[in-house]
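This chain uses plain numbering: 1 for the first residue, then up along the sequence.
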Amino acid sequence: MNELFAISILDRYIAGILIRTTLLVLLILGGLFAFFSLIDQLGSIGSGNFGVYNAFEYMLLTLPRTLSELFPIAGMVGAMTTMGLLSRNSELTVIRAAGVTQLRVLAAILKGGVVLAIIAMFIAEFLAPTAEQAAQTRRSLALSDEISLQSQYGFWVRDGGSYVNVRQVLPNNEFRNVYIYEFDRDQQLRTSTYANYARYRDNRWQLQDIEQTVFEADTVRKIDMDSAYWQTPLKPDVINLVVVEPNYLGWLELFRYIRYLQANNQNTLLYRQALWGKIMYPFSILILLALAVPLVRVSARPTAIGQTVFMGTLLGLIFHIINQTTAHLGVVFSISPFVSMALPSLLFFVLTLWLIRKRA
């Protein structure tokens, strides 16, 4: 019983150091990258109605997405720093001398890692998609004169005597839930059109699943159409200002959009890859945390913290580069999304097992 109680205290101690260290590293990295983002946005000041306030607003709204991208690197640095602190204070030597195996230390690290993975998933799935959508939309409103108004019901665009309301902007030059209100010269509503989807193909918009209401002098006619072309000067380059990339969408949005693409016989590779990236995200964090345990050796000589921090940063960057490379290669060569997104984590997992076995 005393042994189990001691192990529980040890787990909490190591996990506590890991969580505090990782969150501190994340805060530092997040602040650094936020500063770079702000500097980048300052170049847009003066374009349209974009001002200093908009630059700071964009920086703050994109911060959750930045933190979610930096979390694996911060976790690796945090884990290496934790092990380095334990080694420098000779605590790791005492722990191993007390009969605690390397696997028990690994278990303590992973317990803290589960907490960190939950925090990372919360940021990536709940905060980042909503904030990123708001960031892109608000920035586009400030930069573009063609997008007139944004509200909780999508954004509004004026097209001559017509007013267009787009409830949802999808990647790949597509809209969902489009409302078009056409007025005559006397500002009387003449036509109200609803389209379930709108796609930009062959330099023109094609509406699908259309319900149109025509208001005449004495009557109101309702017309249903499967598809029709929409003549409008609205171009995809304007719409792309408010489009969020697949990697920044939540897994539920990705799943729904994949089903929509499959139903319309369209290529889903990019979006399935983004979905598998979301699935592998927490596992990659845990694997990088586990890798830190066999990398820091038990030694009578104190381990330099700067050395462990540098090694953790380097390994985190290497993982990020490999992850991005396999993702792009997966798209270019049409590799299975599971393989392309799971390969980096699998490689680091095998490396971790090999190091643990070698230094056991």
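Proximity of P294 to K358: side-chain heavy atoms (C-beta onward) are nowhere separated by under 4.5 Å. Here the side chains of Q273 and L275 are not in contact, with every heavy-atom distance at 4.5 Å or above. L295 places a side-chain heavy atom less than 4.5 Å from the side chain of M76. Residues K111 and D11 are in side-chain contact: their nearest non-hydrogen atoms beyond the backbone lie under 4.5 Å apart. Side-chain contact between L63 and M59 is absent, with no heavy-atom pair separated by less than 4.5 Å. Between T193 and E211, every side-chain heavy-atom pair lies at or beyond the 4.5 Å cut-off. Annotation: side chain of P337 is not in contact with side chain of Y271 (no heavy-atom distance under 4.5 Å). When side chains are defined from C-beta on, Y194 counts as touching N177, because their heavy atoms get closer than 4.5 Å.
Judged as a salt bridge (Lys or Arg N to Asp or Glu O under 4.0 Å), and not counting sequence neighbours, E182 has no contacts. Remark: S334 pairs with L269 by the side-chain contact (heavy atoms from CB on, under 4.5 Å) rule, at least two apart or across chains. Remark: P344 pairs with F319, I322, N323, T326 by the side-chain contact (heavy atoms from CB on, under 4.5 Å) rule, at least two apart or across chains. Scanning for ring pair (Phe, Tyr, Trp, His ring centres under 6.0 Å) contacts around Y163 gives F183, with sequence neighbours left out. Listed by chain and residue number, nothing satisfies the side chain to side chain donor-acceptor pair (under 3.5 Å) test with R20 (two or more places apart in sequence, or in another chain). In terms of the side-chain contact (heavy atoms from CB on, under 4.5 Å) criterion, residue partners of L252 (sequence neighbours excluded) are, by chain and number, R256. For Y53, the side-chain contact (heavy atoms from CB on, under 4.5 Å) criterion is met by E57, not counting sequence neighbours. Applying the side chain to side chain donor-acceptor pair (under 3.5 Å) test to R201 and every residue at least two apart in sequence or in another chain returns E174, Q266. With sequence neighbours excluded, the residues satisfying ring pair (Phe, Tyr, Trp, His ring centres under 6.0 Å) with F338 are W276.
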Does the side chain to side chain contact (heavy atoms under 4.5 Å, CB included) test come out yes or no for L289 and L18, once each step is laid out? CA-CA 9 Å; L289 293 177; L18 172 66; 4.0 Å; yes
Tell me, with the steps shown, if M83 and I109 meet side chain to side chain contact (heavy atoms under 4.5 Å, CB included). CA-CA 9 Å; M83 296 299 295; I109 289 289; 4.3 Å; yes
Begin from the C-alpha positions of L106 and I356 and carry the test side chain to side chain contact (heavy atoms under 4.5 Å, CB included) through to its verdict. CA-CA 10 Å; L106 174 60; I356 290 175; 3.6 Å; yes
When you look at L26 and I73, which way does the side chain to side chain contact (heavy atoms under 4.5 Å, CB included) test go after all the steps? CA-CA 8 Å; L26 184 66; I73 299 177; over 6 Å; no
Check the pair Y58 / Q136 against side chain to side chain donor-acceptor pair (under 3.5 Å), numbers first and verdict last. CA-CA 8 Å; Y58 182 83; Q136 300 302 331; 3.2 Å; yes
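When hydrophobic clusters are built by joining Ile, Leu, Val, Met, Phe, Trp and Tyr residues whose side-chain heavy atoms come closer than 4.5 Å, directly or via intermediates, I321 is not grouped with L343. Linking Ile, Leu, Val, Met, Phe, Trp and Tyr residues whenever their side-chain heavy atoms come within less than 4.5 Å places L42 and L32 in a single cluster. No single ILVMFWY cluster, assembled from side-chain heavy atoms under 4.5 Å apart, contains both V350 and L353. The cluster map of Ile, Leu, Val, Met, Phe, Trp and Tyr, joined by side-chain heavy atoms under 4.5 Å apart, puts L85 and V94 in different clusters. The same ILVMFWY cluster, assembled from side-chain heavy atoms under 4.5 Å apart, contains both W354 and F349.
For T352 (side chain) and F348 (main-chain N/O), a donor-acceptor pair under 3.5 Å exists by modelled atom type. At distances below 3.5 Å, not a single donor-acceptor pair connects side-chain atoms of D186 with backbone N or O atoms of Q188. Looking at R96, its side chain does come within 3.5 Å of a backbone N or O of V100 through a donor-acceptor pair. Looking at N54, its side chain does come within 3.5 Å of a backbone N or O of G51 through a donor-acceptor pair. Of the possible polar contacts, none joining the S90 side chain to the T93 backbone as a donor-acceptor pair under 3.5 Å is found. Counting only distance, with no hydrogens or angles, the side chain of Q41 and the backbone of L38 share no donor-acceptor pair below 3.5 Å. Between the side chain of T130 and the backbone N or O of L127, no donor-acceptor pair lies under 3.5 Å.
Hydrophobic cluster membership of I28, counting Ile, Leu, Val, Met, Phe, Trp and Tyr whose side-chain heavy atoms lie under 4.5 Å apart directly or via other members: L24. Hydrophobic side-chain contacts under 4.5 Å tie M280 into a cluster, directly or through other members, with F283.
The OG atom of S345 sits 4.5 Å away from atom CD1 of I287, with the distance rounded to the nearest 0.5 Å. Here the CG-CZ distance, from L270 to R272, works out to 10.5 Å after rounding to the nearest 0.5 Å. Atom OG of S87 sits about 10.5 Å away from atom CD1 of I95, to the nearest 0.5 Å. For the atom pair CG (L346) and OG (S284), the distance works out to 13.0 Å, reported to the nearest 0.5 Å. Going from atom OG1 of T191 over to atom CG of D184 covers 9.5 Å, rounded to the nearest 0.5 Å. Of the inter-residue distances, the one linking S227 atom OG with I210 atom CD1 reads 6.5 Å to the nearest 0.5 angstrom.
The two residues I285 and A120 make their nearest non-hydrogen contact at CD1-CB, 3.6 Å. When every heavy atom of T22 is checked against every heavy atom of A79, the shortest pair comes out as OG1-N, 4.4 Å. The minimum heavy-atom distance between T308 and G84, with the atom names listed, is CG2-CA, 4.1 Å. Here the closest heavy-atom approach between residue L286 and residue V114 is recorded as CD2-N, 3.7 Å. The two residues P129 and E253 have their closest heavy-atom pair at CB-OE1, 4.0 Å. The shortest non-hydrogen separation linking G30 to L67 is CA-CD2, 3.8 Å.
In this model, a donor atom of one side chain and an acceptor atom of the other lie less than 3.5 Å apart for Y229 and R204. For the residue pair Y13/E91, the side-chain donor-acceptor check at 3.5 Å is satisfied.
Ring geometry, Y179 versus Y181: the interplanar angle falls under 30°, so the pair is classed parallel (tilted spans 30 to 60°).
Within the structure, side chain to side chain donor-acceptor pair (under 3.5 Å) pairs that include any residue of residues 60-69 comprise R65-E132, E69-Y248 (at least two apart or interchain).
For the pair R190 and F215, the cation-pi test (distance below 6.0 Å, angle within 45°) is failed.
Annotation for D224: atom CG counts as buried by contact number, over 12 foreign heavy atoms lying within 6.0 Å.
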